[in-house]
There are 2 protein chains.
Amino acid sequence: MSSMRELSQQQAAVREFIASQLALGRPSPSHREIASHFGFASSYAAGCHVRTLLRKGALVAEPGKARSLRLAEMLKTPRRSAVVDIPLFGSIPAGFGQDREQEAEGCVSVDIHTIGFQPTRHTFALRVVGDSMIGRHICEGDIVILEHGPEPRHGQIVAALMDRKSTLKTFVLKNNKPFLKAENPKYADLIPAEELMIQGVFRALIRKARE
Amino acid sequence: MSSMRELSQQQAAVREFIASQLALGRPSPSHREIASHFGFASSYAAGCHVRTLLRKGALVAEPGKARSLRLAEMLKTPRRSAVVDIPLFGSIPAGFGQDREQEAEGCVSVDIHTIGFQPTRHTFALRVVGDSMIGRHICEGDIVILEHGPEPRHGQIVAALMDRKSTLKTFVLKNNKPFLKAENPKYADLIPAEELMIQGVFRALIRKARE
DNA sequence: CTTTTTACTGCTCAAATGAGCAGTATGAGA
DNA sequence: TCTCATACTGCTCATTTGAGCAGTAAAAAG
C-alpha cells in the first residue's frame, strides 16, 4: 500500500514546504522549523509528518543527520545534462565584452544537450525584432542564442550591428567577398560585411507559442 | 584585503569538498565531517577553515544553524526562474498517460520563464519529422514542446496521431466543425479532427543550428 | 458503537553540531 | 630575531536537532 501519491493534504503541505526551502537553496528545515512554520506547538508533530513522508517514499533522509531531508524525485532523476544560464539582451550595446552580466534583461536557462553546444563566456541571447529572417523560419519574438567570436561561414546566420541595433542576416560569400543578406523578399539587399560589425553567429532558437 | 580569490591551498580544498557535497545533492558537511574527510583529529581545524572562508566571502552560512553552508557564488545568481525537465519522445506511443517517464528518449530542461508557461505532468517534447508545418516556421529537427489535455482553439498547432506516428497540424474550425490542416502547400489537405487523436497543443519550440 | 487514521500538545533525552579556548608547530616576511 | 599567518591537536560547552513517549481530539471507516 501507500505507494507515493497517497499523501494527505497536511502531508503534502509539509512536503511542499520542504521542497520550497530546498528550491530556494536553503538547507532543509529542521523539525522545529517545520513546526514553527505551520504554527505547531510541538516539534513532534513535524517529526511525525516527516516520518510518514519518509515511509511513503516521498522524502529521503540520512537518519540522525541534521537537515538531511531530500525530495525522493530529485535523487532518482537520471541527471539531466548541465543547465547553463545565457544572458538575454533586448538589444546588444555597441561596446561588447565587458559588463555584460549587468546589462542583461534576463537570462535563458537550457541544458546544453538540448541546444546542442557548450556555451562560453561569449554566448548570449537576443529577442528577435522584425521579420528580416522569416525566410530562414526565424520569427519576430523568437529568442536566438548566438556565439560571439567565431568567424562566420557561408550560409550561417549572424547578428550584425546596424543603426545601433542588432539585426539578423545571412552571411554569404560572393566572389570570395563577404556579404550580409536579409532573408525576406521585401528587402533582400546585399550589404558588404565590412560595413557592419558582426556580433555573433546563430546557434539555437527558442520560441514561445503566441495566443 | 582578502577579497575572495586569496584562498590558501588548504582553504580552497575545503571549499572544494563542500562544493562537491552540495553538487551531489547532499546536505553541506558538518565541521566534524570535514575534519574526518581531511583526516583532521579535531573538528576545530575544520571550523577554523570554514570561518576563514566565511570571512573571505567564499561561503555563506546562517550562524548556529547546522549544515547551512552555501557557496557564495550560488546565492548571488539573480535566481533564474525554476528549470523544469520535460520528457522528450521520438514518437508518441498510442497508449498515453501512464509510464511516460520510462519511454522517454531524453529530456529537455528549460526555465519556465523562457518557454512562457508552467509545464504540468502532461507536458512533453517531440522531435519534428517532416516539413508539414514549414508554413508556420517549424522545421524538421526542431523540438516542439506540447501540452496534452487542453481543448485546442482555432489556429493552434497540435500534434495528432496518424498512422501510428504523431504529426503536427493546424487545428481549424470550418462551419463550426474541427479540421486539421498541414501547413505546407504540397499537401494542404483538410482532415476531419474526429478521425485523429490529438496528442497535445503546441506551446514552445527549440531549434539547434545545423552545420 | 468501536476501531483506525490523522493530527496534534507537552515533555524528555541522547546525539549531533557550531563555536571557541589554550597550546603546538611551521614557514614566510620584516 | 621577532612577528604574523596558516594549520593543526585536544578539549569543553551551550544549542540544535532527531527521535520518541504518553496523552488528547476529531474525523472517517467498519
Side-chain angles (χ1 to χ4, degrees), chain A residues 1-19 21-22 25-72 75, chain B residues 1-19 21-22 25-72 75:
Chain A
M1 47 180 150
S2 69
S3 64
M4 167 79 185
R5 284 284 169 245
E6 302 165 36
L7 300 183
S8 76
Q9 212 169 356
Q10 191 69 268
Q11 287 160 7
V14 171
R15 200 198 97 111
E16 197 45 49
F17 173 60
I18 295 168
Q21 293 300 105
L22 255 32
R26 316 193 58 175
S28 98
S30 67
H31 291 181
R32 273 154 251 254
E33 282 170 355
I34 295 171
S36 95
H37 176 265
F38 286 96
F40 303 160
S42 168
S43 72
Y44 182 66
C48 214
H49 283 134
V50 167
R51 219 170 306 131
T52 307
L53 289 166
L54 246 31
R55 180 170 44 78
K56 292 193 178 180
L59 293 182
V60 175
E62 295 163 74
K65 202 170 197 173
R67 300 177 183 281
S68 62
L69 295 174
R70 295 292 170 261
L71 295 187
L75 295 177
Chain B
M1 44 179 153
S2 68
S3 62
M4 166 80 185
R5 283 282 170 249
E6 303 166 34
L7 300 183
S8 75
Q9 212 168 356
Q10 191 70 268
Q11 287 160 6
V14 171
R15 200 198 97 111
E16 196 46 48
F17 172 60
I18 295 169
Q21 293 300 104
L22 255 32
R26 315 193 57 174
S28 98
S30 68
H31 291 181
R32 273 155 252 252
E33 282 170 355
I34 296 171
S36 95
H37 176 263
F38 287 96
F40 302 160
S42 167
S43 72
Y44 181 68
C48 214
H49 282 134
V50 167
R51 220 170 304 131
T52 308
L53 289 166
L54 246 29
R55 180 171 44 79
K56 292 192 177 180
L59 293 182
V60 175
E62 294 163 77
K65 202 170 196 173
R67 300 177 184 279
S68 64
L69 296 174
R70 296 290 170 265
L71 295 185
L75 293 177

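Given the structure is predicted, the values throughout are model-derived calculations rather than measurements. The sequence lines fix the lettering, A, B, ..., with proteins before strands; numbering per chain opens at 1.
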With sugar-phosphate taken as primed atoms, P, OP1 and OP2 and all else as base, the protein-contact string of nucleotides 18-30 of chain C at under 4.0 Å (heavy atoms; B, S, -) is BSBBB--------

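Legend: residues meeting salt bridge (Lys or Arg N to Asp or Glu O under 4.0 Å) with R26(A), ordered by chain and number and at least two apart, are E62(B). A search for side-chain contact (heavy atoms from CB on, under 4.5 Å) contacts involving A41(A) returns nothing, not counting sequence neighbours.
Relative to the axis of its first five pairs, the axis of the last five pairs of the helix from dC1(C)-dG30(D) to dA30(C)-dT1(D) sits at 30°, rounded to 10 degrees.
Put simply, the side chain of R70(B) reaches to within 4.5 Å of the side chain of L22(B), judged on heavy atoms. L54(A) places none of its side-chain heavy atoms less than 4.5 Å from the side chain of V60(A).
Straight-line distance from the CD1 atom of I18(B) to the P atom of dT17(C): 14 Å, rounded to whole Å. Protein atom CZ of F38(A) is 13 Å distant from nucleotide atom C1' of dC8(C), rounded to whole Å.
Residues L7(A) and A12(A) approach most closely at CB-N, 4.3 Å, considering heavy atoms. When all heavy atoms of A46(A) and H31(A) are compared, the closest pair comes out as CB-O, 3.2 Å. Shown here for A19(B) and L71(B), the closest heavy-atom pair between the two residues is CB-CD1, 3.6 Å.
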Dump every N/O contact between nucleotides 3-7 of chain C and the protein below 3.5 Å, one line per pair.
unit_1 : atom_1 : unit_2 : atom_2 : d
dA7(C) : OP1    : S8(A)  : OG     : 3.1
dA7(C) : OP2    : S8(A)  : OG     : 3.0

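Applying the side chain to side chain donor-acceptor pair (under 3.5 Å) definition to pairs two or more places apart or across chains, those involving residues 33-51 of chain A are E33(A)-R67(A), E33(A)-K65(B).
Note: I34(B) CD1 to S28(B) OG = 7.0 Å, rounded to the nearest 0.5 Å.
Q11(A) places a side-chain N or O within 3.5 Å of a backbone atom of S8(A) that can act as its donor or acceptor partner.
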